[in-house]
Amino acid sequence: SQTIHQWPATLVQPVGSPLSLECTVEGTSNPNLYWYRQAAGRGLQLLFYSVGIGQISSEVPQNLSASRPQDRQFILSSKKLLLSDSGFYLCAWTGVGAGTEAFFGQGTRLTVV
Amino acid sequence: AQKITQTQPGMFVQEKEAVTLDCTYDTSDQSYGLFWYKQPSSGEMIFLIYQGSYDEQNATEGRYSLNFQKARKSANLVISASQLGDSAMYFCAMREGTGNQFYFGTGTSLTVIP
């Protein structure tokens with residue numbers, strides 16, 4: 001069966017420090033991968049998605065970047081965190097086709113101080 | 001324009017009653033999928049129900065049903081016989097057939113009152 005791992009679960013980082021969040025998927029090949037951010041009490045904002053290795057689409061220009069070095073690995077990064085980067089980050093994967101649901105990781109609560 | 005609109009930031013329902021959570025969507029694709037997710041306070045995203053754009057019957061999954069009105073572009077979630085454990089955020093989402101994006105609405109916070 002397919003599983004998705006996302007870590008760390010919580011993170012407290014100072015302003016100006018770098019960020020690296022990792023997400024890996026098991027049990028499937030060539031998944032579509034997504035990074036979302038959820039501000040406190042808000043909806044899910046799509047940040048990046050990827051349909052294949054090295055292919056990254058950005059939905060919102062910002063302080064963050066994403067990379068997909070391997071088929072089932074998706075990384076969210078920042079060189080210098082801002083206070084506004086605080087939030088709940090969720091990684092998700094889907095198969096191909098409009099009828100396939102998204103499966104989510106457990107999320108990372110990032111607090112920038 | 002917003003792809004998914006959820007106009008109810010918060011809803012209250014009495015235990016054992018039914019509740020409808022509203023969702024409208026915007027797409028020019030003929031093929032698309034509509035989804036509902038539940039997010040309890042733990043933060044995990046739990047898939048509830050799916051409706052395809054070509055499905056003629058409304059989807060049902062246990063106490064969840066999706067009231068799909070294609071002409072009005074609405075996909076409301078109906079929860080019957082509410083339970084205390086239903087208290088959570090609920091998100092409507094859409095995936096278009098021509099793209100890879102998975103869009104979510106802003107969510108509705110549901111509180112079930114004993």
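Since this is a predicted model, take the numbers as computed values, not measurements. Throughout, protein chains are lettered first and strands after them, A, B, ... in sequence-line order, and every chain is numbered starting at 1.
Neither the backbone nor the side chain of A/Ser50 comes within contact range of chain B, judged by heavy atoms closer than 4.5 Å. Interface residue B/Ser42: only backbone heavy atoms are found under 4.5 Å from chain A. Contact annotation for B/Gln6: neither backbone nor side-chain heavy atoms come within less than 4.5 Å of a heavy atom of chain A. Heavy atoms closer than 4.5 Å to chain A are found in the backbone of B/Tyr32, but not in its side chain. For a residue to count as touching a neighbouring chain, one of its non-hydrogen atoms must lie under 4.5 Å from one of that chain's; by this rule B/Thr108 does not touch chain A. Interface remark: A/Leu44 contributes backbone and side-chain atoms alike to the contact with chain B (heavy atom separation under 4.5 Å).
Here CZ of A/Arg68 is found 11.5 Å from CD1 of A/Ile75. Values are rounded to the nearest 0.5 Å. Atom SG of residue A/Cys91 and atom CZ of residue A/Phe104 lie 9.5 Å apart, to the nearest 0.5 angstrom.
Looking only at side-chain heavy atoms (C-beta outward), B/Phe91 and B/Thr106 stay at 4.5 Å or farther from each other. With contacts defined as side-chain heavy-atom distances shorter than 4.5 Å, the pair B/Leu21/B/Trp36 qualifies. Side-chain contact between A/Phe48 and A/Leu76 is present, with at least one heavy-atom pair separated by less than 4.5 Å.
Note: B/Phe104 and B/Tyr37 meet the aromatic proximity criterion, with ring centroids under 6.0 Å apart. A centroid separation of less than 6.0 Å is found between the aromatic rings of B/Phe35 and B/Phe102.
With chain B as the partner, the residue from A/Ala102, A/Gly105, A/Gly107 showing the most heavy-atom pairs under 4.5 Å is A/Ala102. Most heavy-atom pairs under 4.5 Å with chain B, from the set A/Arg109, A/Gln38, A/Gln45: that is A/Gln38. The most heavy-atom pairs under 4.5 Å with chain A, out of B/Gly43, B/Pro9, B/Ala93, come from B/Gly43.
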